[in-house]
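Below is one structure, written out as structure tokens; comments come after it.
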Amino acid sequence: MNKEEISQIFEELAMLAELNDESPFKSRAYMNAARIILDLTDDLETLVNENSLTDIEGIGQNIAAKIVELVNTGKLKSYDKLRALVPDGVFQMLKISGLGPKKVKVLWKKYAITNLGDLKMSCERHALKALPGFGIKTEENILAGIESLKKFSGKWLYIEAQRWAEEVLSDVAKIKGVVRVEIAGSIRRKKEVVKDIDIVAAADNSAHIMKAFVSLPYVDRIVQHGKTKSEVILNSGIQCDLRVVSNDEYPFALHHFTGSKEHNVRMRGLAKSKGIKMNEYGLFEGKSKRGIPCKDEADIFKAFGLDYIEPELREDMGEVDAAGEGVLPQLIEGSDLKGILHVHTNYTDGEATIEEMALAAKSRGYEYIAICDHSQNLTVVGGLKPADVRKQHKEIDALNKRIKNFTILKGIEVDILADGSLDYSDKVLSSFDIVIAAVHTRFKMSEEDMTRRIIRAVENPHVDILAHPTGRLLLTREPYLVDMKRVIDAIGNHKKAVEINAHPQRLDLDWRWMRYAKGRGAKFAICPDAHSTDGIDNVINGVNVARKGWLEKGDVLNCSDLKKCPTLFDRLHR
DNA sequence: GCCGTTTTCGGCCCGACTGTTTTCAGTCG
């Protein structure tokens with residue numbers, strides 16, 4: 001049983017606790033455990049064998065025992081017993097916006113509604129309005145909630161959400177009276193997948209700003225329209241919240257609505273331990289109504305003796321402690337990238353020529369580019385045969401003579417075959433400046449087979465970088481089964497690099513693994529996997545997640561200057 | 001269910017909006 005499955009069980013245990021009217025704190029503890037398990041870099045089996053589960057903050061005796069049972073037997077008797085009493089449809093009902101455990105329980109127990117179909121019909125017949133706590137509006141909201149549940153998964157790629165957020169931001173900024181306004185929430189934290197858009201604004205008179213906001217032309221539906229907080233659904237289907245506070249309150253509100261929730265809880269806990277109450281309006285000492293003045297977020301952190309914590313780091317993954325000890329990383333920035341690695345050309349499935357890709361990179365201020373087309377195994381895109389490789393290398397040699405102050409590297413994205421061998425002979429492989437190895441076929445192997453396959457490729461002396469290590473496509477395709485920990489250990493042991501594939505749908509290696517990988521001595525390569533000149537700009541997505549992974553420019557290969565370090569990739573082979 | 005320099009009980013972050021209610025529970029972030 002893998003982490004995702006075990007995490008899912010704790011999520012359901014949390015919902016079951018709510019449905020069963022247990023202490024809300026119990027449910028919260030389960031939810032917390034679900035998140036911890038998902039973010040864990042250590043192998044669960046190892047932790048079980050070492051008997052060290054309870055060393056993890058948030059995992060006590062009880063939850064540890066449940067994890068042990070799940071890992072050892074693949075089952076959890078207490079969960080199975082509770083779960084059997086609740087129909088699947090009840091869990092689906094909990095996903096409807098506006099319906100929580102209390103109302104769902106009434107629907108289920110008092111009205112025997114156990115699926116979305118029955119719920120929809122009951123709302124249409126106005127059968128629910130007689131129930132205590134329900135009314136016509138509730139029925140309408142449930143119907144709208146069922147529709148959006150069906151229409152949208154409720155999750156969005158960062159770049160899509162970010163684009164819409166920028167549009168709303170610029171329109172809100174134009175509303176008269178708005179002093180400051182920023183995108184907050186998970187978009188500001190640069191999460192790879194987000195649920196909604198959060199915007200925070202500073203203004204004196206919030207009422208007319210709210211009116212202007214809910215009247216924006218691309219607002220499809222108003223969910224909430226209050227004096228200081230409103231929530232709408234945009235035409236695109238994404239939810240967008242606006243919060244308006246006074247200019248003095250703005251830094252606190254921005255921090256609060258940037259989250260994450262877990263980071264906020266941590267900060268509030270710290271505040272409380274110092275006798276300070278912290279909310280979205282300020283910091284208040286004791287019972288004082290007058291807050292500690294802060295002109296920006298940095299002042300808030302300073303008030304607790306903390307260094308400024310970048311939004312990307314606010315995931316409660318040790319950033320508050322690190323800020324207190326002054327050991328936060330100097331996060332990588334887009335301008336730190338000196339070269340572009342991993343682009344495709346019209347030799348395979350790219351749109352542009354080698355020259356067009358090179359000039360596009362040069363015009364963006366980069367010093368080098370590594371052309372990494374597909375190898376022969378990938379016939380669907382016309383992978384390069386050895387003769388094509390020779391032809392491409394000749395063309396690169398000629399271009400390098402012609403294009404000044406720029407270097408084109410001879411690279412390849414070589415397929416890792418099913419047995420872990422590579423798609424070319426040693427002779428062909430040694431003709432490249434840089435070799436990126438990737439899995440593109442046979443995704444459905446067992447975890448053990450896939451892990452061995454990839455590790456064998458990592459151990460191959462020709463390989464510099466392991467591409468998109470899990471093969472995931474966000475919101476589309478699950479990652480293939482692979483033991484990331486063992487793969488990363490192999491990369492570190494062999495002084496290789498792992499790709500941070502910056503295609504917005506990949507963002508693979510996942511940022512949650514980066515600190516572990518760094519600790520194991522792995523290097524990173526932020527690669528656009530560009531199939532056109534515009535695709536080069538994807539690198540920024542990779543920088544975003546690298547920042548979430550606490551990476552500094554020294555961790556990333558293509559932050560190196562090719563002139564200062566002509567054998568940029570040779571050092572990998574030491 | 002978790003946690004502990006207040007250590008085996010009694011806390012656990014805090015506030016806005018809605019709908020149904022007639023002062024507040026439920027939901028959400």
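Naming: A, B, ... by sequence-line order, numbering from 1 per chain. Values reported hereafter were calculated over all heavy atoms of this structure, with side chains retained and with hydrogens, waters and symmetry mates removed.
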Spell out protein contact along nucleotides 19-29 of chain B as letters: B when the base is contacted, S when just the sugar-phosphate is, - when no protein heavy atom is under 4.0 Å; keep the 5' to 3' order. SSS----SSSS
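- Between A:Lys26 and B:dG11 there is no side-chain polar atom (N or O) within less than 4.0 angstrom of OP1 or OP2.
- For DNA chain B, the residues of residues 38-65 of chain A within the heavy-atom distance limit of 4.0 Å (strictly under) are A:Ile56, A:Glu57, A:Gly58, A:Ile59, A:Gly60, A:Gln61, A:Asn62, A:Ile63, sorted by number.
- Two residues are said to be in side-chain contact when any heavy atoms from C-beta on lie closer than 4.5 Å; A:Phe134 and A:Lys103 meet this criterion.
- Heavy-atom contacts from other residues, nucleotides or ligands closer than 6.0 Å to NZ of A:Lys227 number 12 or fewer.
- For the pair A:Ile36 CD1 and B:dC2 P, the interatomic distance rounds to 10 Å; values are reported in whole Å.
- In this structure, A:Phe10 and A:Tyr30 have tilted ring planes: the angle between them lies in the 30° to 60° band.
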What donor-acceptor contacts under 3.5 angstrom involve side-chain atoms of residues 59-71 of chain A, with partners at least two apart or in another chain?
from    : atom 1 : to      : atom 2 : distance (Å)
A:Asn62 : OD1    : A:Lys66 : NZ     : 3.0
A:Glu69 : OE2    : A:Lys77 : N      : 2.8

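- Taking atom C1' in both B:dG11 and B:dA16, one finds a spacing of 25 Å when rounded to whole Å.
- A salt bridge is defined here as a Lys NZ or Arg NE, NH1 or NH2 lying under 4.0 Å from an Asp or Glu carboxylate O, and A:Asp510 with A:Arg472 meets this definition.
- For the pair A:Val179 and A:Asp204, the minimum side-chain heavy-atom distance is 4.5 Å or more.
- Taking atom C1' in both B:dG15 and B:dT22, the straight-line distance is 22 Å, to the nearest Å.
- Between A:Arg163 and A:Glu167, no side-chain nitrogen of the basic residue sits less than 4.0 Å from a carboxylate oxygen of the acidic one, so the salt-bridge criterion is not met.
- Ring to ring, A:Tyr308 and A:Phe301 are close: their centroids are under 6.0 angstrom apart.
- Distances shown here put every side-chain N or O of A:Tyr281 at or beyond 4.0 Å from the OP1 or OP2 atom of B:dC14.
- Taking side-chain N and O atoms only, A:Ser23 has no distance below 4.0 Å to OP1 or OP2 of B:dC12.
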